[in-house]
There are 2 protein chains.
Amino acid sequence: MHAQVPDGYDPRAFEPFAVTVDLAVFTLRDDRLHVLLVRRGEEPHRGRWALPGGFVLPRESADTAARRELAEETGLSAGTAAHLHLEQLRTYSEPDRDPRMRVVSVAYAALGPDLPEPRGGGDAADARWLPYGTQGALAFDHDAILADAHDRVGAKLEYTCLATAFCPPEFTLGELRRVYEAVWGVALDRPNFRRKVLSAQGFVRPAQGPPRLTGGRGKPAALYRAGGATALHPPLLRPERRETTT
Amino acid sequence: MHAQVPDGYDPRAFEPFAVTVDLAVFTLRDDRLHVLLVRRGEEPHRGRWALPGGFVLPRESADTAARRELAEETGLSAGTAAHLHLEQLRTYSEPDRDPRMRVVSVAYAALGPDLPEPRGGGDAADARWLPYGTQGALAFDHDAILADAHDRVGAKLEYTCLATAFCPPEFTLGELRRVYEAVWGVALDRPNFRRKVLSAQGFVRPAQGPPRLTGGRGKPAALYRAGGATALHPPLLRPERRETTT
DNA sequence: TCAAAAGTGTTCGGTTTACACCCATGG
DNA sequence: CCATGGGTGTAAACCGAACACTTTTGA
């Protein structure tokens with residue numbers, strides 16, 4: 001681009017772009033994947049659910065804007081929100097995606113452990129956790145963004161240590177397994193899951209305290225913390241749909 | 001975002017954003033990975049190499065702009081350029097990434113078979129294919145973009161059929177293997193590579209013509225075409241660096 | 001004493017790896 | 001006739017899915 005910037009290029013010469021961030025925030029509530037949505041209070045799409053988000057301010061990066069919006073929309077303290085996993089998805093730039101003006105939106109996926117019900121972070125419209133799949137048609141192109149985010153998260157569970165981002169600082173292997181099961185929508189073999197997780201170096205590390213805890217009934221489970229690794233070797237592959245040709 | 005758009009929001013109220021695309025265009029020239037770069041003719045970074053790119057026009061999407069710039073910068077016909085693989089990488093939006101103004105850039109990775117030397121696609125500065133790794137320090141944040149693009153392409157070779165995008169319509173398995181070797185910088189076992197590729201359904205399909213061809217010396221190789229698949233099952237994993245702990 | 005969840009062991013079968021070996025062609 | 005690259009075969013090592021079994025808790 002920069003190579004052929006017209007020398008006297010004036011960015012105000014034609015209608016400017018607005019740049020926003022849109023957030024697909026996922027969490028696990030009682031073993032179901034939930035997504036954070038806000039109800040639109042204005043036209044267009046008044047009354048429809050939409051992804052939270054907002055404008056990128058003149059002196060901040062999209063990453064910074066996304067982190068700021070994440071804190072505002074979840075109603076969490078900035079310190080807590082700073083710990084949530086946040087990653088850029090892709091940018092949506094169809095000219096007519098917003099009928100009011102030219103808006104280019106950088107989409108993000110965020111995820112965290114069971115988060116509290118969002119308390120009005122300044123905006124009037126209500127914000128809620130909805131079980132993923134029950135949200136119906138969203139405003140603008142947010143259906144596509146949300147689907148892309150879900151695909152991305154599901155794929156990254158396979159070959160990264162992302163799953164720990166859904167868990168509290170200390171967690172059991174059962175909780176970790178339920179992350180995979182909720183996002184993928186499949187049941188995993190418990191013994192094999194345990195072995196795979198423990199053999200992948202850097203994925204989890206035992207919590208050093210006298211680690212025991214109960215999740216209701218059953219034998220108390222050992223507690224673990226996230227290991228330092230980000231990549232998962234070997235990967236934890238999603239069980240493949242049974243092919244008819246096999 | 002849209003939920004809390006101020007009702008009377010005027011996008012001209014503060015300094016607008018410019019939105020651009022930057023392209024990391026890869027090709028294979030005599031078994032080496034090359035990148036398309038343009039020499040900057042103006043400040044800042046006059047004389048430095050940079051990624052090709054340009055502004056997103058008021059009525060086009062970033063994808064459209066990237067495709068248009070790809071055709072212009074490579075000097076290929078629009079028809080030919082339309083066949084190149086193009087995919088969005090991510091968006092770079094640090095406030096000071098361009099000292100002249102606020103520029104948000106959507107980065108793309110593009111790749112194609114051995115392409116001709118770029119003929120001046122309208123811009124004065126020269127454009128060239130440089131062997132990847134020999135390009136030195138690029139202008140702006142283009143070092144980071146190029147590195148991200150290379151990482152992405154290398155990773156996608158593992159679990160997608162992307163490698164065929166580096167090949168002409170009909171290609172031999174040796175040519176396909178050299179794509180992997182050039183991008184990954186490793187040598188692959190020829191017999192095992194062949195079996196993996198042929199057993200992955202939809203990756204390649206035999207060219208029906210009486211397929212024979214010579215690549216110089218040696219036995220003529222059968223010709224293949226890209227199969228319809230985009231995902232690669234099972235994946236073709238990069239040989240892992242030998243760990244000291246093994 | 002039973003249900004539920006954690007944790008361990010074992011078997012079986014397919015896949016991957018590291019080779020050896022033959023084939024066809026140009027110099 | 002040799003070097004070069006294409007193509008086939010194979011045995012050992014490895015890995016993963018499936019499932020039996022024990023342990024420890026709450027009800």
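Computed over heavy atoms, backbone and side chain alike; hydrogens, waters and symmetry mates excluded. The chains referred to below are lettered A, B, ... by the order of the sequence lines, with proteins before strands, and numbering in each begins at 1.
In this structure, CG of B/L188 is placed 16 Å from P of D/dG7, rounded to the nearest angstrom. In this structure, B/L176 places its CG atom 17 Å from P of D/dG5, rounding to the nearest Å. Rounded to whole angstrom, the span from the NE2 atom of B/H233 across to the P atom of C/dG14 amounts to 20 Å. Here the P atom of nucleotide D/dA17 and the CZ atom of A/R238 are 14 Å apart, to the nearest Å. Here the P atom of nucleotide C/dG14 and the CG atom of A/L237 are 19 Å apart, to the nearest Å. Separating the CG atom of B/L173 from the P atom of C/dC23 is a distance of 20 Å, rounded to the nearest angstrom. Regarding A/L236, its CG atom lies at a distance of 15 Å from the P atom of D/dC15, rounded to whole Å. Taking atom CZ of residue B/F193 and atom P of nucleotide D/dG6, one finds them 11 Å apart after rounding to whole Å.
When each of C/dA6, D/dT8, D/dA20 is scored by its nearest atom to the side-chain atoms of A/P191, the top-ranked nucleotide is D/dA20. The side chain of B/K196 lies closest to C/dT17 when the candidates are C/dT17, C/dA5, D/dG6. Among the nucleotides D/dA17, D/dA3, C/dC19, the one closest to any side-chain atom of B/R217 is D/dA3.
If B/R178 and B/D189 are placed on DNA chain D by their nearest nucleotide, the residue sitting closer to the 5' end is B/R178. Summary of the strand contacts: B/R177 and B/N192 both lie near DNA chain D, and taking for each the nucleotide with the nearest heavy atom, the more 5' one is attributed to B/R177.
For the OP1/OP2 pair of D/dT8 and a distance below 4.0 Å, the side-chain nitrogens and oxygens of B/R194 include at least one atom meeting the criterion. Contact annotation: B/R190 does not reach the phosphate of D/dT4 (side-chain N/O to OP1 or OP2, under 4.0 Å).
The existence of a salt bridge linking A/R128 and A/D126 is confirmed by a sub-4.0 Å separation between a basic side-chain nitrogen and an acidic carboxylate oxygen.
Counting atom types as modelled, B/R195 pairs a side-chain N or O with a base atom of D/dG9 as donor and acceptor under 3.5 Å.
Contact annotation: the side chain of A/F203 approaches that of A/L176 to within less than 4.5 Å [non-hydrogen atoms, C-beta and beyond].
You'll find the ring centres of B/F26 and B/F166 outside the 6.0 Å limit.
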Practice prompt. Take A/Y132 and A/H150 through the test ring pair (Phe, Tyr, Trp, His ring centres under 6.0 Å) and record every step on the way to the result.
Written response: CA-CA 9 Å; A/Y132 180 80; A/H150 183 256; 4.2 Å; yes

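Side chain to side chain, B/D22 and B/Y92 fail the donor-acceptor criterion of an N or O pair below 3.5 Å.
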